[in-house]
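Nothing here was measured: the structure is a model prediction, and the numbers come from that model.
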Amino acid sequence: MNLADLVTVVVYDYLWGLPLVFLVLGAGAFFTIKTGFFQFRFFKQAFTQTRKSIFGEKETDSDGKAGIISSFEAMSMALGTTIGVGNIGGVATAIAMGGPGAVFWMWVAGIFGLIIKTVEITLAVYYRSKDQSGDSYGGPNYYIHKGIGIEKNKKVLAKCLSFIFAFGFVLGIFLNIQTYTVSEAVAGTFSIDMNLVAIVYTVALYIMISGGMKQLGKIATIIVPFMCIFYIVGTFVVLALNIGNIVPSIVLIVKSAFTPLAATGGFAGASVSLALKSGMSRSVFSNEAGWGSAPMIHASAKVNHPLKQGLLGIFEVFFDTIIICSLTALVIIVTGQWQSGLDGATLTLSAFETGMGFWGRIILAVGIFFFGLTTSGGVYTQVEVVLRYILGNSNIKQQLLTFYKWFYPIPSIALVFIASKNGLPGTTVWLFSDASTAFPIFANILALLILMPKFIDLKNDYTARYMNKGNVNPEFEVFYEGSNEENQVD
């Protein structure tokens with residue numbers, strides 16, 4: 001058994017096996033039913049809150065713990081992390097491995113992801129802490145510690161879940177796919193050595209992260225909206241030129257989600273199980289629902305009610321998976337490139353070239369470079385939040401965070417050098433990335449299930465305060481009220 005086959009077995013038969021797939025789907029279904037189909041009933045409110053965050057409502061917390069960044073900056077950073085190589089290279093890899101049917105399961109995961117992401121963002125804002133400078137941080141480690149360890153007095157369980165989450169998330173530093181995908185796309189388009197592209201990209205990344213979260217938030221508000229419009233226009237052009245293939249492609253997506261697909265052209269064939277696993281894993285990697293990553297950015301937003309920020313999760317998943325991922329998938333399928341035997345960003349680039357000519361490939365390659373930067377910048381912020389939790393109030397915390405800032409891009413560029421030297425295919429490299437998501441997803445989903453009653457309380461308080469449904473309980477605390485020590489980053 002070669003390395004590629006071994007990695008496939010380990011990731012899709014064990015780490016991303018059916019138990020984890022069913023855990024994510026089951027949690028999404030449970031949250032949907034428990035909240036009365038919240039993601040559909042509050043869809044309008046989610047877009048209203050998104051509009052407000054874009055055009056300017058400045059808010060501070062009712063308990064005085066102001067965030068670091070605005071609500072829109074938090075959403076832009078989160079979108080910048082989700083909309084990027086996962087949509088371009090990740091979707092292509094899912095189709096290359098699982099066939100068009102993988103797209104259907106991406107949609108299913110996306111529908112449940114709407115509510116999962118809302119729950120985790122809301123809890124992250126509610127349970128967030130502030131450091132000695134007064135800056136707010138939060139995420140799964142924080143709501144596991146406070147919600148499960150303190151409020152529910154399940155300290156052993158909290159420590160176990162917190163360790164699994166932190167271990168898996170920090171592992172992601174060493175299996176970061178961003179630099180590889182960008183280098184593959186740019187090198188293949190302009191006939192440049194991958195290693196050289198990786199070096200240039202890494203230098204640009206160092207410049208981006210030098211100013212920390214505040215600088216990344218400002219950069220994201222500039223790059224992300226422009227790049228989203230840029231990418232959507234490009235996909236519309238390709239689809240318009242292949243309009244007659246759109247309906248047959250959608251039929252193929254649905255049909256092959258439930259029927260094994262035989263080998264055709266350069267496509268090796270795929271079972272229903274492989275389509276399900278590859279679609280699910282790539283959906284979570286793209287929209288990050290259940291991964292626990294986006295809440296670490298949203299927890300630092302300036303907002304006066306946790307659910308207000310949580311509603312942005314609905315918009316993020318919808319825009320990322322239902323819009324962007326679907327457009328990428330349709331471009332690959334309508335142009336027939338899914339049968340080419342290519343994978344990763346190379347497959348998407350080939351589809352754009354088929355639809356728009358070589359200029360289409362050039363435009364997308366440049367777009368991938370900037371998408372990759374916003375994604376890498378967002379991941380940097382997320383891992384920093386985990387490290388802040390682990391380090392607590394250690395005397396050497398600042399020195400270690402400075403070391404992390406300089407160390408962060410190194411494993412990612414090293415992966416490019418290793419893959420280039422050993423000739424690893426893109427599908428294999430993406431499997432390494434999938435491995436890093438399995439552990440935090442497992443721990444985070446279990447934590448969300450345990451803390452679901454708190455989300456219900458926050459939902460009821462929100463509807464009473466802002467939608468005039470029910471009576472406002474004046475004694476209900478909109479943000480976690482613990483001791484001063486508990487509300488410090490620990």
Side-chain angles (χ1 to χ4, degrees), residues 12 16 18 20-22 24-26 28-29 32-33 37 39-40 43 86-116 232 235-236 238-287 289-290 314 317-343 347-348 350-351 354-355 427 430 434:
Y12 280 150
W16 259 106
L18 290 178
L20 183 58
V21 169
F22 288 136
V24 175
L25 288 177
T32 299
I33 295 171
F37 297 85
Q39 65 266 52
F40 304 111
F43 195 78
N87 303 84
I88 298 170
V91 171
T93 302
I95 296 173
M97 295 191 67
V103 180
F104 177 86
W105 296 112
M106 270 196 280
W107 290 339
V108 173
I111 290 172
F112 288 131
L114 296 169
I115 181 62
I116 292 175
I232 290 173
T235 57
F236 277 2
V238 177
L239 294 178
L241 294 172
N242 294 270
I243 193 168
N245 295 332
I246 294 178
V247 173
S249 296
I250 295 174
V251 172
L252 178 63
I253 289 171
V254 176
K255 182 179 178 180
S256 55
F258 302 96
T259 306
L261 200 59
T264 174
F267 179 68
S271 64
V272 173
S273 175
L274 185 57
L276 171 64
K277 294 174 184 176
S278 59
M280 285 286 299
S281 62
R282 207 63 71 238
S283 176
V284 172
F285 183 89
S286 179
N287 63 45
I314 292 178
V317 176
F318 176 81
F319 190 72
D320 174 271
T321 304
I322 307 303
I323 302 297
I324 303 295
C325 284
S326 297
L327 289 174
T328 301
L330 285 174
V331 165
I332 292 171
I333 297 171
V334 300
T335 57
Q337 288 301 297
W338 69 275
Q339 303 174 76
S340 65
L342 299 173
D343 58 63
L347 173 54
T348 308
S350 179
T354 300
T427 50
W430 272 95
D434 286 338

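Considering every non-hydrogen atom in both Gly99 and Ala270, the closest pair reads N-CB, 4.3 Å. When every heavy atom of Ser278 is checked against every heavy atom of Ala102, the shortest pair comes out as OG-CB, 3.6 Å. In terms of heavy atoms, Gly113 sits closest to Val317 at O-CG2, 3.7 Å. The two residues Pro100 and Leu261 make their nearest non-hydrogen contact at CD-CD2, 3.5 Å. Smallest separation of non-hydrogen atoms from Ser340 and Leu347: OG-CD1, 3.7 Å. Thr32 and Gln39 get closest at one heavy-atom pair: OG1-NE2, 2.9 Å.
To the nearest 0.5 Å, the span separating CD1 on Ile333 from CD on Gln339 amounts to 10.0 Å. To the nearest 0.5 Å, the span separating CE on Met106 from CG on Leu276 amounts to 12.0 Å. Note that OG1 of Thr321 is 11.5 Å distant from CH2 of Trp107, once rounded to the nearest 0.5 Å. Remark: Leu241 CG to Thr335 OG1 distance equals 11.0 Å, nearest 0.5 Å. To the nearest 0.5 Å, atoms CG (Leu239) and CG (Leu327) are separated by 6.5 Å. In this structure, Phe318 CZ and Leu114 CG are separated by 8.5 Å, a value rounded to the nearest 0.5 Å.
A heavy-atom distance below 4.5 Å is found between the side chains of Ile116 and Val24. The shortest side-chain heavy-atom distance between Ile115 and Phe40 does not fall under the 4.5 Å cut-off. With contacts defined as side-chain heavy-atom distances shorter than 4.5 Å, the pair Thr354/Val331 does not qualify. Residues Val91 and Thr348 have side chains not in contact (no heavy-atom distance under 4.5 Å, counting atoms from C-beta outward). A heavy-atom distance below 4.5 Å is found between the side chains of Ile324 and Ile232. The side-chain heavy atoms of Trp338 and Leu252, taken from C-beta on, include a pair separated by under 4.5 Å.
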